[in-house]
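Since the structure comes first, as structure tokens, the remarks are kept for the end.
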Amino acid sequence: MPELPEVEVVRRGLERWVAHRTVADAEVLHPRAVRRHLTGADDFAHRLKGHRIGTPSRRGKYLWLPLEDTGQSVLAHLGMSGQLLVQPHEAPAEKHLRVRVRFADDLGTELRFVDQRTFGGLSLHDTTPGGLPDVIAHIARDPLDPLFDDELFVQALRRRRTTVKRALLDQSLISGVGNIYADEALWRARLHYDRPTPALTRPRVLELLGHARDVMNAALSVGGTSFDSLYVNVNGESGYFDRSLDAYGREGLPCGRCGTAIRRRAWMNRSSYFCPRCQRAPRVSS
DNA sequence: CGGTGAACCTGGCCGC
DNA sequence: TGCGGCCAGGTTCACC
């Protein structure tokens, strides 16, 4: 599932293969792939036509392609299964091909948005003076952003009356962390997912943040995480960080620190993986 | 308005 | 073989 490292890999691929190319035309093959565009998919496609793409940017799991001289950007979210692929024109259409963007040049490749579960999508928005599409103004900076404010994060997290994993997944507090890297950061920090945030000390929160950064940087350095063929980077290559995960998806396997079997617990309509010995539950568990 | 939890969606997989 | 049910989970939104 694409989280921050995977999305960053895609962004780099787009920077290499798509930036500075002019859109010849766009074709929307599934209406759900274009979001929040009240005037419809055809209008969306029409508005891309003839514009040159600037340098792709990313915040958390969102990435966007500025359309030069329009004040607008194409915002993309990959959801759970979205892929942005650069393919030769003649490559056969993927089973879940949703959007196709052709360019006005002779490079012979096109950009494709492919998405099985249709949780992802593209949309078009005004770019704010800060360079951010207006609809993601509420998304916090991510921990790999040089301007991420660690102290601000500590204070904001401790003010929340919630539990630590919920806070890690709250994109208005910190962005880019999904279920996988939340479990990995918590395992590294030896914190149980249900620990109340107000009880965490400043050093504990800073340590957790550091682990989140470390694990995402490690994933980024090997090209993202992939568990199946759903996620591939912009050139269609899978990452292989899943070999390095310590908690996520390891139910019943020994904890790399103490050997205790990793457990899986149903949590918020999904799963939490943790070591019952290294990550003790709070005394009063919700 | 902060916290909570359901809905959205499809295909792979498992058990019967 | 076929089919029902479960599971994956980021974001949005309704509700309290």
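In what follows, chains carry the letters A, B, and so on, assigned in the order in which the sequence lines appear, proteins first and then strands, with residues in each chain numbered from 1. Since the structure is predicted, the reported quantities are computational estimates derived from the model, not experimental observations.
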Worksheet item: Taking A:Arg100 for the side chain and A:Leu97 for the main chain, is one N or O donor matched with an acceptor at less than 3.5 Å?
Response: no
Worksheet entry | Nucleotide nearest A:His138 when distance is taken to its side chain, options C:dA8, C:dT12, C:dT11 | C:dT12
Worksheet item: Taking CZ from A:Arg161 and P from B:dG2, how many angstroms apart are they, rounded to a whole number?
Response: 12 Å
Practice prompt. Select base, sugar-phosphate, or nothing to describe what A:Arg166 touches, counting heavy atoms under 4.0 Å on all strands.
Written response: base
Discussion item. Of the listed nucleotides (C:dC7, B:dC8, C:dT12), which one gets closest to any side-chain atom of A:Tyr62?
Written reply: C:dT12
Discussion item. Taking A:Gln279's backbone N and O only, do any of them form a donor-acceptor pair with A:Arg190's side chain (distance below 3.5 Å, no angle check)?
Written reply: no
Discussion item. Taking 4.0 Å as the cut-off, does a side-chain nitrogen or oxygen of A:Lys61 come that near to OP1 or OP2 on C:dT11?
Written reply: yes
Worksheet item: Ignoring hydrogens and angles, does a donor from either the side chain of A:Arg270 or the base of C:dG10 sit under 3.5 Å from an acceptor on the other?
Response: yes
Response to the item:
Among the nucleotides C:dA8, C:dG10, C:dT11, whichever has the atom closest to the side chain of A:Asn179 is C:dG10
Worksheet item: Between the side chains of A:Ser73 and A:Thr127, is a donor N or O closer than 3.5 angstrom to an acceptor N or O?
Response: yes
Practice prompt. Scan side-chain atoms only and decide if A:Asp115 and A:Ser81 contain a donor-acceptor pair under the 3.5 Å cut-off.
Written response: yes
Fill in: N or O in side chain of A:His77 less than 4.0 angstrom from C:dT11 OP1/OP2
yes
Discussion item. How many whole angstroms separate atom CG of A:Leu122 from atom P of C:dT11?
Written reply: 15 Å
Worksheet entry | Nearest-angstrom distance from the residue atom CZ of A:Arg32 to C1' of C:dG10 | 12 Å
Practice prompt. Select one nucleotide: of C:dT11, B:dT10, C:dA8, the one nearest the side-chain heavy atoms of A:Tyr273.
Written response: C:dA8
Worksheet entry | Residue A:Asn269, side-chain heavy atoms: nucleotide from C:dT11, B:dG11, B:dA6 that is nearest | B:dA6
Worksheet, complete the sentence: Residue pair A:Thr118/A:Thr162 against DNA chain B: nearer the 5' end by closest nucleotide is A:Thr162
Item to complete: Ignoring backbone atoms, test whether A:Gln171 places a side-chain nitrogen or oxygen under 4.0 Å from the OP1 or OP2 oxygen of C:dG10.
Response: no
Discussion item. Rounding to an integer number of Å, can you tell me how far A:Arg160 CZ sits from B:dT4 P?
Written reply: 11 Å
Worksheet, complete the sentence: Exactly one of A:Val114, A:Leu29, A:Thr118 clears side chain to side chain contact (heavy atoms under 4.5 Å, CB included) with A:His96, and that residue is A:Val114
Discussion item. Distance check needed: C:dG10 C1' versus A:Arg59 CZ, whole Å only.
Written reply: 18 Å
Worksheet item: Can you check whether A:Ser271 has a side-chain N or O nearer than 4.0 Å to OP1 or OP2 of C:dC7?
Response: no
Practice prompt. Looking only at side-chain atoms of A:Arg264, point me to the closest of B:dC8, C:dT12, C:dA8.
Written response: C:dA8
Discussion item. From CE of A:Met80 over to C1' of B:dG12, roughly how many Å is that when rounded to an integer?
Written reply: 12 Å
Worksheet item: Below 4.5 Å, heavy atoms only, C-beta onward: do A:Cys275 and A:Trp187 meet side chain to side chain?
Response: yes
Item to complete: Send over the distance from A:Asp115 CG to C:dT11 C1', rounded to a whole Å.
Response: 13 Å
Worksheet item: How many Å lie between CE on A:Met268 and C1' on B:dG3, as a whole number?
Response: 10 Å
